[in-house]
Amino acid sequence: MYKLLIVEDEPLIRTGIKHYFNWQDLEVSHIVEADNGKNGLTMALQEKPHLIITDIRMPEMDGLEMIEHLRPQLPDTVFVILTGFNEFAYAQQAIRLGGVHGFLLKPLEYEESLATIQSCLQEIVARQKKRETHSELIQESKLSKGSEWLQLLLEEPDLAAAQEGKLQHLFEFQSDNYAYVPFVISWLPVKTAAPLAKNSIKLLSATWIDDMISSLYSTETARQIITYMYRSKLYGIAILNSPCAQVDLRFAFQQQERLLKQAGEVSQTSIFMAIGESTDRLPELGHLMHQTDKALWQRYYEPGRHVFLAASGETAYSGKTSTIHLNDQDKKQLYTCLEIANAEEIKKLLHRFEKDNLAHMLQIAPARWLAFLQELIGVCIHFANKNSIPFESVYSDKLLSLAFVDDFSTLEALFDWLGDWMAQLGTLSQDGTLSDQQQDVLIFEHIASFIKQNIAEDVTLQMVADRFFYNPSYLSRLFKRKLDKNYMRFVTEIRIAYAQELLKKPDLLVTDICTMCGYKSYKHFVKTFGIIALMTPTEYRKKWGWS
């Protein structure tokens, strides 16, 4: 059973939230209240609620300031803010602050709000399980490769910092003074479906980090590199046996730029590296690692660069006041384009937003840029809700969490992807008269076309989900429910159908057709072909009169 704290200075709103949902059915057994952020802070520390719903504008202490105080002390608590639609100044602060799981838009819409609350409760369970897992890791002290500890640093920096003694014991440096240098490396395929193998990137990344450390610091400096891979990023820490002054920074960057550019050309991949500030204080390392992660966004306004320094990225924003936002006219224009499903106008509008972003990104902090994207997506969510287009659990979580900003090499590619998604929303609203079955057929036709375009590549379900903006779990269920087959069977049938067409061409060798259809193993190709076609590729070719 869960405990809920409602922080709101309007008594009627507090009462309304208490009675808006059937909290007992949601397993919320205890509800407490506070009438402002200051009292909410005291009440939260006393009651330790699992979930806090808070307004932002309140006397004595606003909601975001309260959250900022509470997050370090209540790491398992999930926060939801109450905000009016279009009040994205609040969203800017929430994104900058972090740790806000969801938004309840005033006036509340029951289905949408209930979905947010249910998502929060699922997050509470996930955090509890994660903490239990981390506790087991700490107790077992399995830090042989350091990746578990680095994951812990990213997710629970305070717990990781408490393990400094054990971490130092892991290495053989005979010193009481350590320096930690964070790195983040991202690799993005130039082709839609040609990712660099994770094992390869992990091995190469360790070499790149070692080379960079050699260039930045004295060659006599002993070091240990630990890494942790998550999605398309590798997080790394170089642990030095003594704090050392940096040497020729410009030379080191030039050397690393050449190395990453050459590696990218060979692998058809855009590779980016961000280097954080060094520190001898482990408690600072979690913050510095996240700062380093954000530094990768500098690639959007510095095309051609592959190596970035987190410190310079942060100081570039100090004292600057420029901002970007959607004005009312932009919102109306976007909404109109969505209503009439005008893909061309959507792309044109997004292209202008791209230029506006590029013009201001040097003068704005990353949080303000994210707030602009949040505002843009907020208009689309409002449109989807109004047109009864399902959003929660159907579309990619990357849209709601803004995680998609890590998936592109250029701002142009990012806005093209957003434009495709918005055009799809508009089309769905126009096709509202189609039956569910007709819409599903349309979805599968688009996916089949994408797979055929990348037939020689390993097109995973996640790639398809990212391309068509879906939640991969939803997409997997859709295949099973509508086609009575899983995604891999769907891909296999497309590949074998393509192979059958190629086998009708006598000038192509069967071994070449195997590669052209995306199979790396000829034996596996023949076996799979036999399962689908009930004969071997050679037998199929003979059927058409070719030997």
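Counted within 6.0 Å of NZ on Lys3, heavy atoms from surrounding residues, nucleotides or ligands total more than 12; the atom is thus considered enclosed.
Summarising the geometry, atom OG1 belonging to Thr77 is positioned 8.0 Å from atom CD1 belonging to Ile124; distances are rounded to the nearest 0.5 Å. Note that CD of Glu375 and CG of Leu370 are 13.0 Å apart. Values are rounded to the nearest 0.5 Å. Taken to the nearest 0.5 Å, the CD1 atom of Ile226 stands 8.0 Å off from the CG atom of Leu153. Interatomic distance, CD1 of Ile53 versus CD1 of Ile13, reported as 12.0 Å (0.5 Å rounding). The distance from the CG atom of Leu349 to the CE atom of Met422 is 8.0 Å, given to the nearest 0.5 Å. The structure places CG of Leu411 at 10.0 Å from CZ of Arg299, a figure rounded to the nearest 0.5 Å.
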Intermediate values then yes/no, side-chain contact (heavy atoms from CB on, under 4.5 Å), Leu104 and Ile81: CA-CA 6 Å; Leu104 291 178; Ile81 62 172; over 6 Å; no
Apply the test salt bridge (charged side-chain N to carboxylate O under 4.0 Å, His left out) to residues Lys347 and Glu344: give CA-CA distance (whole Å), side-chain angles for both, the deciding distance (0.1 Å), then the verdict. CA-CA 5 Å; Lys347 288 293 184 74; Glu344 184 178 346; over 6 Å; no
Just do the side-chain hydrogen bond (donor to acceptor under 3.5 Å, both in side chains) check on Trp417 and Asp466 with the steps written out, would you? CA-CA 9 Å; Trp417 185 81; Asp466 289 345; over 6 Å; no
Does Phe253 form a side-chain contact (heavy atoms from CB on, under 4.5 Å) with Met212? I'd like the steps, not just the answer. CA-CA 8 Å; Phe253 269 50; Met212 194 66 183; 3.3 Å; yes
Give the intermediate values and the outcome of side-chain contact (heavy atoms from CB on, under 4.5 Å) for residues Leu461 and Leu475. CA-CA 8 Å; Leu461 178 65; Leu475 196 56; 3.8 Å; yes
Any chance you could lay out the side-chain contact (heavy atoms from CB on, under 4.5 Å) test for Ile185 and Lys233, step after step, and finish with the verdict? CA-CA 6 Å; Ile185 295 175; Lys233 286 185 182 178; over 6 Å; no
Under the ring pair (Phe, Tyr, Trp, His ring centres under 6.0 Å) rule, what do Phe272 and Trp187 come out as? Steps first, then yes or no, please. CA-CA 6 Å; Phe272 304 96; Trp187 65 99; over 10 Å; no
Output, in order, the C-alpha distance, side-chain angles, deciding distance and verdict of side-chain hydrogen bond (donor to acceptor under 3.5 Å, both in side chains) for Asp211 and Gln256. CA-CA 8 Å; Asp211 289 343; Gln256 200 68 17; 5.7 Å; no
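Judged purely by atom type and a 3.5 angstrom limit, Asp62 uses its side chain to pair as donor or acceptor with the backbone of Glu65. Listed for the Thr269 side chain is no donor-acceptor partner under 3.5 Å among the backbone atoms of Glu265. The main-chain N or O of Leu288 is never found under 3.5 Å from a side-chain atom of Glu277 such that the two would form a donor-acceptor pair. With hydrogens and angles ignored, the 3.5 Å screen pairs no side-chain donor or acceptor of Asp293 with any backbone N or O of Met289. Using modelled atom types, no side-chain atom of Glu8 and backbone atom of Ala34 make a donor-acceptor pair closer than 3.5 Å. In this structure a side-chain-to-backbone donor-acceptor pair under 3.5 Å is missing from His50 to Val78. Side-chain atoms of Gln73 come within 3.5 Å of backbone atoms of His69 as a donor-acceptor pair (strictly under, hydrogens ignored). A donor-acceptor pair is defined here as one N or O able to donate and one able to accept, closer than 3.5 Å; no such pair exists between the side chain of His306 and the backbone of Leu260. Of the possible donor and acceptor atoms, none in the side chain of Arg281 sits under 3.5 Å from a partner among the backbone N and O of Pro283. Ser119 contributes no side-chain N or O that, together with a main-chain N or O of Ala115, makes up a donor-acceptor pair within less than 3.5 Å.
Aromatic ring orientation, His446 versus Phe468: parallel (interplanar angle below 30°, classes split at 30° and 60°). Using the six-membered ring where Trp is involved, Tyr230 and Tyr228 have ring planes that are parallel, under 30° apart on the 30 and 60° scheme.
Listed here is the closest heavy atom pair of Ala295 and Ala274: CB-CB, 4.0 Å. The nearest pair of heavy atoms linking Ile377 to Leu399 is CD1-O, 3.3 Å. Across every non-hydrogen atom of His290 and Leu154, the tightest pair is NE2-O, 3.2 Å. Residue Ala238 comes nearest to Phe183 through the heavy atom pair CB-CE1, 4.0 Å, listed as atom of the first residue, atom of the second, then distance. When all heavy atoms of Thr54 and Gly63 are compared, the closest pair comes out as OG1-CA, 3.7 Å. Listed here is the closest heavy atom pair of Cys380 and Trp421: CB-CH2, 3.5 Å.
Side chains of Asp420 and Leu418 form no contact here, defined as non-hydrogen atoms less than 4.5 Å apart. Taking the side chain as every heavy atom from C-beta outward, Leu373 and Val405 approach each other to under 4.5 Å. Between Leu82 and Ile56, every side-chain heavy-atom pair lies at or beyond the 4.5 Å cut-off. Looking at heavy atoms from C-beta onward, Leu338 lies in side-chain contact with Ile346 at the 4.5 angstrom threshold. Inter-residue side-chain proximity for Asp330 and Arg352 is flagged as met; some heavy-atom pair is nearer than 4.5 Å. With a 4.5 Å cut-off on side-chain heavy atoms, Glu284 and Asp280 do not count as touching. Asp416 has its side chain out of reach of His351: every pair of non-hydrogen atoms, C-beta onward, lies at least 4.5 Å apart. Considering only heavy atoms from C-beta on, Leu4 stays 4.5 Å or farther from Pro49 through its side chain.
Aromatic ring centres of Tyr110 and Tyr20: separated by under 6.0 Å. Taking the six-membered ring for Trp and the full ring otherwise, Phe383 and Tyr335 have centroids separated by under 6.0 Å.
Side-chain contact check for Asn385 and Glu112: at least one donor-acceptor pair (N or O, by modelled atom type) lies under 3.5 Å.
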In a table with atom names and distances, give each donor-acceptor pair under 3.5 Å that connects a side chain of residues 35-42 to protein atoms at least two apart or in another chain.
residue	atom	partner	partner atom	Å
Asp35	OD1	Asn39	ND2	2.7
Asn36	OD1	Lys38	N	3.0
Asn36	OD1	Asn39	N	2.8
Thr42	OG1	Lys38	O	3.4

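Taking the charged nitrogens against the carboxylate oxygens, Glu123 and Arg127 do have a contact shorter than 4.0 Å, which makes a salt bridge. Between Arg14 and Glu33, at least one side-chain N (NZ, or NE/NH1/NH2) sits under 4.0 Å from a carboxylate O, which counts as a salt bridge. At a threshold of 4.0 Å, the pair Asp76-Lys48 does not count as salt-bridged, since none of the basic side-chain nitrogens sits closer than that to a carboxylate oxygen.
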